[in-house]
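Structure record follows, encoded as C-alpha cells.
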Amino acid sequence: MAGYFGVLVSDPWLQNQFTQVELRSLKSSFTAMRRESSGGLKLAELPEKMSRLKHVGENLTEQERAAFLQESYQDLEIDADFELFLRVYLKLQALATERKGSGTKNASAFLKSPTSTLLHTISESEKASYVAHINNYLAEDEFLKKYLPIDPATNDLFEIAKDGVLICKLINVAVPGTIDERAINTKRILNPWERNENHTLCLNSAKAIGCTVVNIGTQDFIEGRRHLVLGVISQIIKIQLLADLNLKKTPQLVELVDDSKDVEELLSLPPEKILLRWMNFQLKKGGYSKTVTNFSSDVKDAEAYAHLLNVLAPEHSNPSTLTVKNPLERAKLVLEHADRMGCKRYLTAKDIVDGSPNLNLAFVAHIFQHRNGLSTQTKQISFLETLPDDAQISREERVFRFWLNSLANSSYIDNVFEDLRNGWILLETLDKVSPGIVNWKIASKPPIKMPFRKVENCNQVVKIGKQLKFSLVNIAGNDIVQGNKKLILAYLWQLMRYNMLQLLKNLRFHSHGKAITDADILEWANSKVRNSGSQSRMESFKDKSLSDGIFFLELLSAVHPRSVNWSLVTKGLSEDEKKMNSTYIISIARKLGCSIFLLPEDIIEVNQKMMLTLTASIMYWTLKQPVEDRPFGSSDSENGSVVDTISNSTMDDTASESSTDDCSIN
C-alpha cells in the first residue's frame, strides 16, 4: 500500500484487504460517522452507523449487526479507531455474504455495485461467459482481433484489459458512440501515462452509461485486480443486454399492460423488472402456474425455462424436457432448445441449477433479444401516443440519475422520478454535498410504509435546499413525494450546481475560500483560451456559437496542450461535423479526468446547464493539478484576474441564466 495509506492503516494485513480507493472511501465514511458523534465513535454505535454502507447495510439489519458485535466483543463502550472500524466492517461483510447466499430475493441484481465488495474472488463460470461475449462482439475489431479470441481457461482477459483499450471498446458495444475512439490510445506499446489515460477514459465513460465504479481506480486496472475488472465488465455487458427493455426501443412491451396508467408504471420500472414481467407474461400463456420473482432460486429447476421456450419456439420443443426428473438433465435439454432457436447463450446447465443470478439474467435477456414473442400490431401501442415525449426531460433525468449513482448512495437509482419520492436518497446526497446538514434523528429510512414519513423526509429536503439558497418557489415536500418531474429536475439541477461550486470553492489555494460563481467560471474559461493565443470567446453558457465545439476544444488544448489532435477536428459547419467535435470533446475531457454526464446533443443544442457543468468540470480538473504538472504558461498568476474577482455571493445566475427561479425546465 502506498505511503499515504500506510499512515492511515499501519497493520499490513489490513492494508492487503483493501484497494487504495476502497480505503479512501471507507475513511471518508468513518470520518463522517465520527463527526456525527461529536468526534468520538463508540463500538456500540457502529451497528446503527454502518447502515449506510453498501453490502453490510443492505444485507444485515441493525439488530443483526448489533447481535454479532455483542458476541464478538466484550466491551462495546470502547472508542473505535479506523483500524477497529475496518476489522468490524470485514467481519460484518463476511457475515452478510454468508447470510445472503445465492437464492435470496436480491439475487436478480446484476452486480449493481460489484466494486463495493471486499471478497476478492471471482466466478470462473462468469469469467468464461463474459469472455465468450467479448470474443463474439469484438471479434472484428481492427485493433483487438490480434488478441482475440481470448482463452477463458487462462487469465489473458485481465492481461489484455491492462491497457484500457478492451473495456473502452466494450463500452461502445454496449452504448454505441459513448467513446470517440479517436481519443483512445491504441499504440502497440503504451507508456504508463497513455495507459492511465485510457483507464481514466474508461472509468469516466462507464459512470456515464450507468455503471457503479465508486471503489475502483485506474491503478486497479493496471494491476489487473481480477474481481474489480470483472465487476466492471459484468455491468457493461448487463447494460448492453438490457438495452432493448424499454418502451422506446421495444414499443411492443405495452402488450404486458392493460391501460395507460399501467403503461406509465411500466415506464418507471428498471429493465430487470420489465424482463421479469415479460417472462411471467409468456409463462402465463404456457400455463405455468408459478411466478418468477428472481433469476436465481426461481429458475434453478429449469422448469420455467422449459415452459418459456415452448411458448416462444414450440417448433423446437422436446417433450421430454418437462417429463425428466433431474433438474440438471432438464437444464441441458433447455440449452439444446435454445441452441436450436439460434439463441446465443453463455451459461452451462450447471450455472442454471446453481442459480447464478448474473448468468441466468443474461440468458433470459438473450432470449428476449432473439425472440420476444410480442405482437407487432397490438392496438395497445396507441397508448404510447398519448404519453408525453419530452426528450429534454428524459436527457436531464439521465444526467442526474447517473450523477446520483456516482455518489455511492445506499440504493441504486433506476428512475429519478420514482426512486427519489421517499426523500432518503436526496437526504444522503445532501449530506455528502454539505456534511452534517441533515438531521438524521428526524429522518425515516426505507422501507417506509407510512406516507407521512415520506413527506417528512421530503420536507427536510426542501428545508435544507432553502438553507443552501436554492430557489424553491412554490415547492413543497409533497411535490417530490408525488413525483412532480419539473420540480424534481429543478431541485436536482440546483443541488448538482451547488456541489460543483462547493468543489471549486474548496480548492482554497485558488479561491481563497470565497464562493465561486457562474460568472467566475465563465471568465476563467475565456481567460484560459485568450492566454493560449486564441480569439475565441464564450459570451455566456447559452452562446449559440458553442455548438460547433471549437471553443471547448481550444479550452481543453489550453489546459493540456497535448490532449487535442487538431488534425481530427472539423470546422463544425454541418450537423455531422458538430457531432464529431462534440463526441471528441466529451471523450477528451473524460480522458483527462473530468466526471461528466452530458451527451453530444447537449453541446450541439447548447444546453446552458450542461455547458456550465462541462466548463466547471474542466476548471476543477485543471486547478487540482499540481503546479509542476501543468503545461507551460498555466501558472497560478495567470488566474489572478479571476481569483481577484470572486465575490462573496453564493448564487450568480447572470452567466448561466438558469431558469430555476420559477422551477421550470428549459
Side-chain angles (χ1 to χ4, degrees), residues 21 111-115 164-184 197-218 221 231-240 242-243 246 270-271 391-392 394-409 412-416 429 489 492-493 496 499-500 503 549 552 556 563 579-605 607 609-618 620-621:
V21 180
L111 284 172
K112 282 183 176 174
S113 53
T115 56
V165 178
L166 173 71
I167 299 183
C168 283
K169 299 272 190 177
L170 191 61
I171 287 171
N172 270 356
V173 169
V175 184
T178 298
I179 296 176
D180 188 327
E181 297 200 1
R182 298 173 297 175
I184 305 173
E197 284 181 336
N198 279 352
H199 291 310
T200 303
L201 173 60
C202 157
L203 288 173
N204 282 319
S205 299
K207 280 195 287 187
I209 65 170
C211 295
T212 303
V213 293
V214 176
N215 290 330
I216 187 169
T218 58
F221 275 110
V232 172
I233 289 174
S234 72
Q235 291 186 85
I236 296 168
I237 292 175
K238 170 204 170 181
I239 289 168
Q240 177 192 343
L242 300 181
N246 60 74
Q392 183 65 26
S394 178
R395 284 222 306 264
E396 291 199 9
E397 187 275 338
R398 173 191 174 278
V399 167
F400 297 134
R401 173 162 36 97
F402 291 161
W403 173 64
L404 289 169
N405 284 332
S406 75
L407 299 177
N409 288 310
Y412 187 88
I413 301 294
D414 287 300
N415 183 294
V416 160
T429 305
L489 291 180
L492 286 173
W493 161 240
M496 186 182 195
N499 180 51
M500 180 175 57
L503 289 172
F552 286 112
L556 289 165
S563 63
K579 180 74 174 287
M580 291 177 68
N581 284 355
S582 299
T583 307
Y584 192 47
I585 289 164
I586 293 170
S587 291
I588 292 298
R590 287 176 180 154
K591 184 177 177 180
L592 290 181
C594 298
S595 182
I596 50 178
F597 302 95
L598 74 167
L599 294 170
E601 290 79 5
D602 292 316
I603 298 176
I604 296 169
E605 298 170 13
N607 180 324
K609 296 174 185 176
M610 296 304 106
M611 297 303 92
L612 171 58
T613 58
L614 173 61
T615 311
S617 295
I618 297 170
Y620 181 64
W621 176 83

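In what follows, residues are counted from 1 in the order of the sequence shown.
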Is any side-chain heavy atom of Leu201 closer than 4.5 Å to a side-chain heavy atom of Arg590? yes

Given side chains that start at C-beta, do those of Lys609 and Glu396 come closer than 4.5 Å, heavy atoms only? yes

Have a look at Ile171 and tell me which of Val232, Leu166, Ile239, Ile179 forms a side chain to side chain contact (heavy atoms under 4.5 Å, CB included) with it. Ile179

Once rounded to the nearest 0.5 Å, what's the spacing between atom CG of Leu599 and atom CZ of Arg398? 4.0 Å

Which value, rounded to the nearest 0.5 Å, describes the distance between Ser205 atom OG and Ile167 atom CD1? 11.5 Å

Kindly indicate whether the side chain of Leu614, heavy atoms from C-beta on, has any atom under 4.5 Å from the side chain of Ile603. yes

Do the side chain of Thr583 and the main chain of Met580 share a donor and acceptor less than 3.5 angstrom apart? no

Kindly indicate whether the side chain of Val399, heavy atoms from C-beta on, has any atom under 4.5 Å from the side chain of Met496. yes

With Lys169 via side-chain hydrogen bond (donor to acceptor under 3.5 Å, both in side chains) - residues at least two apart: Asp141, Glu181

Looking at Leu203 and Gly217, what are the two nearest heavy atoms and their distance? CD1-C, 3.7 Å

Begin with the C-alpha distance, continue with both residues' side-chain angles, and end with the deciding distance and a verdict on side chain to side chain contact (heavy atoms under 4.5 Å, CB included) for Met500 and Tyr620. CA-CA 9 Å; Met500 180 175 57; Tyr620 181 64; over 6 Å; no

Ignoring hydrogens and geometry, is there a side-chain-to-backbone donor-acceptor pair from Glu397 to Val416 under 3.5 Å? yes

In short, Ser595 meets Lys207 closest at the heavy-atom pair OG-NZ, 3.0 Å

One should read off an interatomic distance between Leu407 CG and Thr212 OG1, to the nearest 0.5 angstrom, of 11.0 Å

Do Asp180 and Ile586 make a side-chain contact, defined as non-hydrogen atoms from C-beta onward lying under 4.5 Å apart? no

Heavy-atom side-chain contact between Phe402 and Ile413 under 4.5 Å: no

Take Trp621 and Leu556 through the test side chain to side chain contact (heavy atoms under 4.5 Å, CB included) and record every step on the way to the result. CA-CA 11 Å; Trp621 176 83; Leu556 289 165; over 6 Å; no

Determine the minimum heavy-atom distance between Cys594 and Ser617, stating which atoms define it. SG-O, 3.6 Å

Look at the aromatic rings of Phe400 and Trp493 and report parallel, tilted or perpendicular, splitting at 30° and 60°. tilted

Is a donor on one side and an acceptor on the other found under 3.5 Å between the side chain of Asn198 and the backbone of Ile184? no

Could you tell me which residues satisfy side-chain hydrogen bond (donor to acceptor under 3.5 Å, both in side chains) with Ser587, sequence neighbours excluded, listed by chain and number? none

Whether the side chain of Lys591 engages the backbone of Ala183 through a donor-acceptor N/O pair (distance < 3.5 Å, no angle test) should be reported. yes

At their closest point, which heavy atom of Asn415 faces which heavy atom of Arg401, and how far apart are they? N-CD, 4.0 Å

For the student: nearest non-hydrogen atoms of Ile588 and Ser563, plus distance: CD1-O, 3.2 Å

Say you draw a straight line from CD1 of Ile596 to CG of Asn204; how long is it, rounded to the nearest 0.5 Å? 7.5 Å

Check whether Gln240 reaches the backbone of Val173 with its side chain - one donor and one acceptor, N or O, closer than 3.5 Å. no

Closest non-hydrogen atoms of Met611 and Leu598, given as atom of the first, atom of the second and distance, are CE-CD1, 4.2 Å

Using a 4.5 Å cut-off on heavy atoms from C-beta on, say whether the side chain of Thr613 contacts that of Met610. yes

Gap separating the CG atom of Leu170 from the CD1 atom of Ile233, nearest 0.5 angstrom: 6.5 Å

Could you check whether any side-chain heavy atom of Phe597 comes within less than 4.5 Å of a side-chain heavy atom of Ser406, counting everything from C-beta outward? yes

